[in-house]
Amino acid sequence: MAERRWHFIPTTAALCWLYLGVGAVLLVSSILTLTGTDGRAPVLAVIAAVAAVGLMALSVVGLARPKLRGR
């Protein structure tokens, strides 16, 4: 049976830039949501902010280390 691997880092530089942009927009949107609410923070906004930071980190790794793309 062929070994299947999960690929986390985007395969091309263009996808890395796209993921970086989407992550930045998602992070800004989450920050605006979190600062505009009174009282407790919405759980989905916090989860979206954490996911945005992770997406941006993966895209930066893909841009900084081209050999890791698609692995």
Side-chain angles (χ1 to χ4, degrees):
M1 181 165 81
E3 183 178 333
R4 293 187 180 194
R5 295 183 184 185
W6 289 10
H7 303 287
F8 291 108
I9 299 177
T11 56
T12 63
L15 279 177
C16 289
W17 284 109
L18 180 67
Y19 283 15
L20 186 63
V22 169
V25 168
L26 186 61
L27 183 63
V28 168
S29 173
S30 297
I31 289 172
L32 290 175
T33 300
L34 289 171
T35 57
T37 57
D38 295 333
R40 296 182 60 186
V43 174
L44 290 179
V46 174
I47 292 171
V50 171
V53 170
L55 187 65
M56 291 171 62
L58 287 176
S59 64
V60 167
V61 168
L63 289 171
R65 303 285 307 250
K67 291 183 181 180
L68 293 178
R69 289 186 198 149
R71 289 187 177 195

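What's counted below: heavy atoms across the whole structure, side chains too, no hydrogens, waters or symmetry copies.
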**Message:** How long is the straight-line distance from CG of Leu15 back to CG of Leu20, given to the nearest 0.5 Å?
**Reply:** 12.5 Å
**Request:** Output the distance between atom CG (Leu27) and atom CG (Leu32), rounded to the nearest 0.5 Å.
**Result:**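 Between Leu27 CG and Leu32 CG, I get 9.5 Å after rounding to 0.5 Å.
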[X] to [Y] - nearest heavy-atom pair and separation:
X     : Y     : result
Ala52 : Gly23 : CB-O, 3.4 Å
Gly62 : Ile9  : CA-CG2, 3.5 Å
Leu63 : Ala13 : CD2-O, 4.0 Å

**Asked** Applying the 4.5 Å side-chain criterion to the ILVMFWY set and letting contacts propagate, would Val53 and Trp17 be lumped into a single cluster?
**Response** yes
**Asked** Short question: side chain of Ser29, backbone of Val25 - any donor-acceptor pair under 3.5 Å?
**Response** no
**Message:** Taking the side chain as everything from C-beta on, heavy atoms only, tell me whether Leu26 gets closer than 4.5 Å to Leu55.
**Reply:**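 When only atoms from C-beta onward are counted, Leu55 and Leu26 do not touch, as no gap falls below 4.5 Å.
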